[in-house]
Engineer: 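This is the structure I have questions about; it appears just below.
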Protein chains: 2
Amino acid sequence: MNILIADDEIEMLKILQSYFQREGFTVFIATNGEEALAIFYQEQIDLAILDWMMPKIDGIMVCREMKKTQKIKVLMLTARDADEDEFQALSDGADDYVNKPFYPKVLIMRVKKLLQIESIQHISDVSFDIVSKRVWRAGTEIELTKTEFELLRVFSQHRRQILTRDQLLDSVWGLDYIGDPRTVDTHIRRLREKIGEDIIQTHRGIGYSTSV
Amino acid sequence: MNILIADDEIEMLKILQSYFQREGFTVFIATNGEEALAIFYQEQIDLAILDWMMPKIDGIMVCREMKKTQKIKVLMLTARDADEDEFQALSDGADDYVNKPFYPKVLIMRVKKLLQIESIQHISDVSFDIVSKRVWRAGTEIELTKTEFELLRVFSQHRRQILTRDQLLDSVWGLDYIGDPRTVDTHIRRLREKIGEDIIQTHRGIGYSTSV
DNA sequence: ATGTTTTGTCAAATTACTGTAACATTACTG
DNA sequence: CAGTAATGTTACAGTAATTTGACAAAACAT
């Protein structure tokens, strides 16, 4: 999981970075809003921790910009006495906020909580955990192969969107993969067999989609 | 989805083209405003990315012209320091703008966002999503075949305009298609059966149109 | 190395879609 | 109001796309 921390106090940054790294996160840091956005655009960030007060572009603006372009979790750091701002921060799309000063442990817990929401996904009666890569159907665990899991993941990430065979090849097999697009059919079939026939819909001449 | 990119820097065009093609868009490119308009009139463009500064006809003019005649999304590319122009660009009908220089990824995300907003169209009690290719009638989803969907799309794009069978053959079946124009009738029939009889009107001796 | 699982490809079987033609119906014309 | 022209409707055969099953190669684990 990639997280981005933006704060103008270098000391704070360093401390948080080492804390989060110890927890297995990949950490990017920025000392102002502009830098934060630059990193955000270049990397695949799952969650951003943004300080409210930052030089150049402040936390709200950065948050707004991030939310505008991509699915990302944002956790705001606010000054202790900023009560009405809290509401604003949330209403502007921040997913959670933590008052300064805070215990790093608390922050880590909050972050984990936010990311956990994302880690288990549900499609109809099928659930799967992106982190542990386990899959359940109607409560009982089932086994998917690597490709089947990836397929399911991609479908889940684009619910109800029709994905062409080529799109699926690109995102599951990789952009550089060269092979028969019909291979996708076979894997869809195998996946359907395991998770149920109704979850993945065929759209003749176009591709496949989830039905929910 | 067809998008048109207009910019006077060929290098930039090529790069953007390949980026967008990889995302599944059909990309048309133009190196000046005149060319952009020519393509716009010939093709069915869903979104145009226009550079602010272009030879012959500039981005604003092109945007104004496009918005005048057809439903299309416009995204402007502006120079970094052009602040007051930003407002102008928006007030003149551009749907979004991105400052140069930018990350291709940002542009792609913005484009996708723009198209998503407009991607759902409504004709009477029928709604359809151009991106996900799903169709609803009075709220419940219905299934259209590829040709039926294309027909609906063309009608929706030319509301209340009478389209001859030949025009429909051209835009749905392709310019090079050779076949009985009465084939259109059959498909209209099938489409009417699914979306309701009243949406497509017959104009004896001329063709068909939407009633709304 | 050996057995097992996974994977990609192919081809037959199946299914859905399409275009045409033939007939029915409707609207227009004089 | 009959005749004509255009459109509506239906059925069907041909076609196109997908599903399915089988197989061999590759990857993996033991």
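Reminder, nothing fancy here: chain letters follow the sequence lines and each chain counts from 1. Only heavy atoms go into these numbers, but all of them, side chains included; no hydrogens, no water, no symmetry mates. Here the structure is a predicted model, which is why all the values come from computation and not from measurement.
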Engineer: Return the set of residues passing ring-ring contact (aromatic ring centres under 6.0 Å, His included) with B/Tyr208 (not counting sequence neighbours), or none when no residue passes.
Structural biologist: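 Testing B/Tyr208 for ring-ring contact (aromatic ring centres under 6.0 Å, His included), a comparison that skips the adjacent residues, returns none.
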Engineer: Does any residue of residues 188-199 of chain A have a heavy atom under 4.0 Å from DNA chain D, and if so, which ones, in number order?
Structural biologist: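 Heavy-atom cutoff 4.0 Å gives A/Arg189, A/Arg190, A/Arg192.
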Engineer: Salt bridge check: are A/Arg153 and A/Glu150 linked by an N-O gap of less than 4.0 Å?
Structural biologist: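 Yes.
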Engineer: Identify the 5'-most and 3'-most nucleotides of DNA chain C with at least one atom closer than 4.0 Å to a non-hydrogen atom of chain A.
Structural biologist: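 The contacted stretch runs from C/dT6 to C/dC17.
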Engineer: Return the polar atom pairs (N/O with N/O) between nucleotides 15-17 of chain D and the protein under 3.5 Å, or none.
Structural biologist:
from	atom 1	to	atom 2	distance (Å)
D/dA17	O3'	A/Gly205	N	3.3

Engineer: Pick base, sugar-phosphate or nothing for A/Thr145, based on heavy-atom distances below 4.0 Å to the nucleic acid.
Structural biologist: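 Here A/Thr145 touches the backbone only, sparing every base.
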Engineer: A/Phe28: what forms a ring-ring contact (aromatic ring centres under 6.0 Å, His included) with it, not counting sequence neighbours?
Structural biologist: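 A/Phe28: no ring-ring contact (aromatic ring centres under 6.0 Å, His included) contacts found.
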Engineer: Answer yes or no: does atom CD of B/Glu143 have more than 12 heavy-atom neighbours from other residues, nucleotides or ligands under 6.0 Å?
Structural biologist: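 No, not enclosed.
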Engineer: Would you classify B/Thr186 as touching base, sugar-phosphate or nothing, given that sugar-phosphate means primed atoms plus P, OP1 and OP2, and contacts are heavy atoms under 4.0 Å?
Structural biologist: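 Base contact.
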Engineer: Taking any heavy-atom pair under 4.0 Å as a contact, classify A/Thr202: base, sugar-phosphate, or nothing.
Structural biologist: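 Here A/Thr202 touches the backbone only, sparing every base.
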Engineer: Enter the inter-axis angle for the ends of the helix from C/dA1-D/dT30 to C/dG30-D/dC1 (five pairs per end, rounded to 10°).
Structural biologist: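 Taking the rotation axis at each end, their angle is 30°.
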Engineer: Compare side-chain N and O positions of B/Tyr208 against OP1 and OP2 of D/dG8 and report whether any pair is under 4.0 Å apart.
Structural biologist: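 True: B/Tyr208 side-chain N/O within range (under 4.0 Å) of D/dG8 OP1/OP2.
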Engineer: Side chains of A/Val98 and A/Met109: closer than 4.5 Å at any heavy-atom pair?
Structural biologist: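 Of all side-chain heavy-atom pairs linking A/Met109 with A/Val98, none is under 4.5 Å.
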Engineer: What is the minimum heavy-atom distance between A/Ile162 and A/Ile206, and which atoms define it?
Structural biologist: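 The pair with the smallest heavy-atom distance is CG2-CG2, 3.7 Å.
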Engineer: Would you indicate whether B/Met12, at its atom CE, is surrounded by more than 12 heavy atoms from other residues, nucleotides or ligands within a distance under 6.0 Å?
Structural biologist: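 Enclosed.
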Engineer: To the closest 0.5 Å, what do you measure between CZ (B/Phe128) and CZ (B/Arg137)?
Structural biologist: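 Taking CZ in B/Phe128 and CZ in B/Arg137, the distance rounds to 15.0 Å.
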Engineer: Taking atom OH as the centre, does A/Tyr41 end up with more than 12 heavy-atom neighbours from other residues, nucleotides or ligands that are less than 6.0 angstrom away?
Structural biologist: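 Result for OH/A/Tyr41: enclosed.
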Engineer: Quick check for you: to the nearest 0.5 Å, what is the distance between B/Ile200 atom CD1 and B/Leu163 atom CG?
Structural biologist: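 The CG atom of B/Leu163 is 10.0 Å from CD1 of B/Ile200, to the nearest 0.5 Å.
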Engineer: Rounded to whole angstroms, how far apart are CG on B/Asp185 and C1' on D/dA11?
Structural biologist: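 In whole Å, D/dA11 C1' and B/Asp185 CG are 16 Å from each other.
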Engineer: Taking the basic N atoms (NZ, or NE/NH1/NH2) and the acidic carboxylate oxygens, is any pair closer than 4.0 Å for A/Arg165 and A/Asp185?
Structural biologist: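 A/Asp185 and A/Arg165: salt-bridged.
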Engineer: Charged N to carboxylate O under 4.0 angstrom, B/Lys133 versus B/Glu148?
Structural biologist: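 Salt bridge flag = no for B/Glu148 with B/Lys133.
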Engineer: Measuring from atom CD1 of A/Ile5 to atom CG of A/Leu16, what distance do you get when rounded to the nearest 0.5 angstrom?
Structural biologist: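 Rounded to the nearest 0.5 Å, the CD1-CG separation comes to 5.0 Å.
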